[in-house]
Number of protein chains: 2
Amino acid sequence: MTQELSSSVLLPASAPAARATAPTFSPLYRQIKDFLVDCLARGEWGPGAAIPSEAELAQRFNVSQGTVRKAIDEMAAENLLVRRQGKGTFVATHDDPRSHYRFLRLLPDDGKAVESHSEPFSCTVLPATAEIAAALQLPAEAPVILIKRLLSFAGKKVIFDQIHLPAEQFSGLSLESLRASERSLYSQLEADFGVRMIHAEERLRAVAADAESAHWLGVAEASPLLLVERTAYSYGNQPVEWRRGLYLTAQHYYQNNLG
Amino acid sequence: MTQELSSSVLLPASAPAARATAPTFSPLYRQIKDFLVDCLARGEWGPGAAIPSEAELAQRFNVSQGTVRKAIDEMAAENLLVRRQGKGTFVATHDDPRSHYRFLRLLPDDGKAVESHSEPFSCTVLPATAEIAAALQLPAEAPVILIKRLLSFAGKKVIFDQIHLPAEQFSGLSLESLRASERSLYSQLEADFGVRMIHAEERLRAVAADAESAHWLGVAEASPLLLVERTAYSYGNQPVEWRRGLYLTAQHYYQNNLG
DNA sequence: AAGTGGTCTAGACCACCGT
DNA sequence: CGGTGGTCTAGACCACTTT
C-alpha cells in the first residue's frame with residue numbers, strides 16, 4: 001500500500017510532530033507505533049491512564065483496526081502499555097503491583113518472601129565523575145543527585161545502593177521526600193517528575209567489599225559481594241539513572257531467565 | 001467460533017496425539033501452537049529444517065492463514081522458530097551463528113571481541129548429589145555425566161564450568177567427542193542426541209574462590225568470583241542440564257537487560 | 001445494552017528469495 | 001517466474017467489564 005500517515009492528529013491541540021515525510025519507509029503499523037510512543041514520551045497520557053480505544057485510533061488514523069492492533073501489540077510486549085479485556089488499554093506504570101519489582105532480581109534462597117524495605121539515608125548533589133557523566137550523557141561535572149540507601153529483605157540488609165540522577169531533571173528531590181514516600185523509587189519519580197523508566201541494562205561482577213559497603217551491609221571487609229551497575233533508560237533510550245548496587249548474596253541470589 | 005481442531009494430522013504417519021477433547025477451551029491459534037510445539041518436541045522436524053508453509057498449514061488445519069500466523073508469531077517470539085522472508089519458517093537451532101551465544105552473557109570490559117575458546121578437560125560419570133538430582137528431576141543417585149571445562153576470551157581463562165547431564169539421555173558422550181567437536185556444546189547435543197535447549201534459569205552469587213576454581217582460573221584462593229548456577233530446559237520445561245560456572249570478572253562483566 | 005479488547009475469516013497486494 | 005513470509009482491509013462474532 002505504501003501509504004503514509006496523513007496529517008491526522010491524535011488529540012486536539014497536539015503538535016503535528018515530526019511525522020512528515022520519513023526518508024525511510026516503514027509499515028503503517030510501525031508509523032502508528034512510533035506516533036504512540038511519541039505521545040507517551042511527551043506525556044500526553046499520564047501513568048496508568050487509558051489511551052483511546054482501538055476503534056477510535058483506527059478511525060483517526062484512517063486505517064483498519066487490525067493495523068492499530070498490531071502497533072499496540074508490540075507496545076504491550078515491550079511493557080509500554082497494558083491491555084485489559086473489556087476495559088481498555090492503559091499506560092504502563094511502576095505504581096502497578098504487577099510491575100513493582102520488575103527490575104529487582106534478588107530473591108531469598110528459600111521461598112519467595114518478598115517483604116522488602118527500602119531505607120534511604122543520604123541525598124546529596126555532587127559534580128558527576130567522568131564515568132557517571134558518560135553513562136548519563138551529561139556534560140563533564142554536571143550536577144547529579146546521589147542517593148544512598150539500604151534495602152532489606154525480612155529485616156536483613158541485602159543491598160547497598162548508590163543512585164545517581166541528573167540534578168536538573170529531578171530538582172526538588174530530597175531525603176525527606178524519599179523517606180516520606182510510600183511508593184517505590186521509580187513510582188515516585190514517575191509521579192513527581194513524569195519520568196518513566198522503560199528498560200535498563202545491568203553489568204554484574206563479583207568484588208571484594210570496600211570499607212563503606214562492608215559497614216552498611218554488616219559484613220567483614222573484603223567479603224565477596226555482587227556488584228550490579230545499572231543504567232536505566234526512559235523513552236527514546238535516554239539514560240536517566242545510573243546506579244551502583246552491592247548485593248549480599250550469602251542467603252539470596254540474583255535470578256536471571258535466559259530466553 | 002469455539003471450534004476445535006479436528007482429527008487433521010500434520011504429517012503422514014504422525015500420531016493422532018493428545019488433541020482430543022480438551023477440558024479447557026483455548027483459542028484456535030493456541031491449539032495450533034500446542035500442536036506445533038508437540039511436533040518439535042517429538043522431533044518431527046530436525047534442527048534447522050523448514051516447517052510447512054503458512055498456507056499449507058492453514059489448509060491442513062482448515063483455518064485461515066492469519067490464525068496459523070498468530071501461532072507461529074508466538075513461537076518465533078519464544079525462539080522456537082525462525083522466520084525468513086521469502087524462504088520459509090525454520091526450526092531454531094544452536095548451530096545458527098545468530099543464536100550461538102544466546103546463553104552466554106559474559107563480555108569483556110572493552111569492545112566486543114567475542115573470540116572465545118572452550119577447552120573441556122574432564123568427562124566422567126558419577127551418581128547425582130541430592131541437589132543435582134532435584135534440579136534434573138532424576139531419582140536419587142542416578143548416574144550423571146560431569147564435564148569440566150575452561151572457557152577463554154582472547155586467550156585469557158575466564159570461566160570454569162562444571163556441567164551435569166543425565167547419563168542415560170546422553171550415553172556415549174565422551175571427552176574425545178567433546179574435544180573433537182567444532183560446535184558449541186548445545187549445538188553438539190542437538191546434533192548428536194536430538195536434545196534442544198529452549199530456555200534456562202541462572203542464579204548468580206558472589207563467592208570466594210575455592211582451591212579448584214582458583215587453580216583453574218589462575219587466581220589466588222578466596223578471590224571474589226561470580227558463581228552462576230544454570231538449569232537448562234528442553235521442550236515441555238524438562239530440565240536436562242545443570243551447570244555450575246565460576247566467572248572471573250576482573251576484566252569482564254555479566255550483562256543483563258531488564259525489559 | 002453499550003463499549004472494550006480478543007479471535008477469526010477471506011481475500012488483496014507487497015517484498016523477498018530462489019530458479 | 002512461483003513460492004514464501006509481511007502487511008493491510010472490512011467485517012463478523014465472542015468474552016469481558018461497566019452502566
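First the proteins, then the strands, lettered A, B, ... as listed; each starts at 1.
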Trainee: Which residue pairs pass the salt bridge (charged side-chain N to carboxylate O under 4.0 Å, His left out) test with at least one member in residues 70-92 of chain B, sequence neighbours excluded?
Mentor: Arg30(B)-Glu74(B), Lys33(B)-Glu74(B), Lys33(B)-Glu78(B), Glu54(B)-Arg83(B), Asp73(B)-Arg83(B)
Trainee: Considering only dC8(D), dT7(C), dG5(D), which nucleotide approaches the side chain of Glu54(B) most closely?
Mentor: dG5(D)
Trainee: Rounding to an integer number of Å, can you tell me how far Ile72(A) CD1 sits from dG5(C) P?
Mentor: 7 Å
Trainee: Taking the six-membered ring for Trp, are Phe103(B) and His94(B) closer than 6.0 Å centroid to centroid?
Mentor: yes
Trainee: Salt-bridge test for Glu119(A) and Arg149(A): reply yes if a basic N is under 4.0 Å from a carboxylate O, no otherwise.
Mentor: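 Result for this pair is no, no salt bridge flagged.
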Trainee: Restricting to salt bridge (Lys or Arg N to Asp or Glu O under 4.0 Å), what partner residues turn up for Glu56(B), sequence neighbours left out?
Mentor: Arg60(B)
Trainee: Between Asn62(A) (CG) and dT9(D) (P), how many Å, whole number?
Mentor: 9 Å
Trainee: Does Tyr29(B) place a side-chain N or O at less than 4.0 Å from the phosphate oxygens OP1/OP2 of dC8(C)?
Mentor: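 No.
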Trainee: Whole-Å distance between dT7(D) C1' and Arg30(A) CZ?
Mentor: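 Atom CZ in Arg30(A) sits about 13 Å away from atom C1' in dT7(D).
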Trainee: Rounded to whole Å, please give me the gap between CD in Glu56(B) and P in dT4(D).
Mentor: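 It is 8 Å, rounded to the nearest whole Å.
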Trainee: Does Ser64(B) make a side-chain N or O approach to OP1 or OP2 of dA10(C) shorter than 4.0 Å?
Mentor: no
Trainee: Checking Arg243(B) now: which residues fulfil salt bridge (Lys or Arg N to Asp or Glu O under 4.0 Å) with it, not counting sequence neighbours?
Mentor: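 Salt bridge (Lys or Arg N to Asp or Glu O under 4.0 Å) list for Arg243(B), sorted by chain: Asp161(B), Glu241(B).
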Trainee: Which one, dG6(C), dT9(C), dT7(D), comes nearest to the side chain of Arg69(A)?
Mentor: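 Per side-chain heavy atoms of Arg69(A), the pick is dG6(C).
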Trainee: Consider the side chain of Leu28(A), meaning its heavy atoms from C-beta on, and name the nucleotide among dG6(D), dT4(C), dC8(D) that approaches it most closely.
Mentor: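 Per side-chain heavy atoms of Leu28(A), the pick is dC8(D).
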Trainee: Rounded to the nearest angstrom, tell me the gap between atom NZ in Lys33(A) and atom P in dT7(D).
Mentor: 12 Å
Trainee: Which residues in residues 75-94 of chain B have at least one heavy atom lying under 4.0 Å from any atom of DNA chain D?
Mentor: Arg83(B), Arg84(B), Gln85(B), Gly86(B), Lys87(B), Gly88(B), Thr89(B)
Trainee: Run the salt bridge (Lys or Arg N to Asp or Glu O under 4.0 Å) test against Asp96(A) and tell me which residues pass, sequence neighbours left out.
Mentor: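 Asp96(A) satisfies salt bridge (Lys or Arg N to Asp or Glu O under 4.0 Å) with Arg98(A) only.
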Trainee: Quick one: Lys70(A) NZ to dG6(C) P, roughly how many Å, whole number?
Mentor: 16 Å
Trainee: Starting at CD of Gln65(A) and ending at P of dT7(D), how long is that distance when rounded to a whole Å?
Mentor: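 My rounded result for the distance is 18 Å.
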Trainee: Rounded off to whole Å, could you give me the CD1-to-P distance for the Ile51(A) and dG3(C) pair?
Mentor: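 Rounded to whole Å, this separation is 18 Å.
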Trainee: Between dT7(C) and Thr67(B), is there an OP1 or OP2 to side-chain N/O distance shorter than 4.0 Å?
Mentor: no
Trainee: Test of understanding: with side-chain contact (heavy atoms from CB on, under 4.5 Å), list the residues that count as partners of Asn79(B), not counting sequence neighbours.
Mentor: Arg102(B)
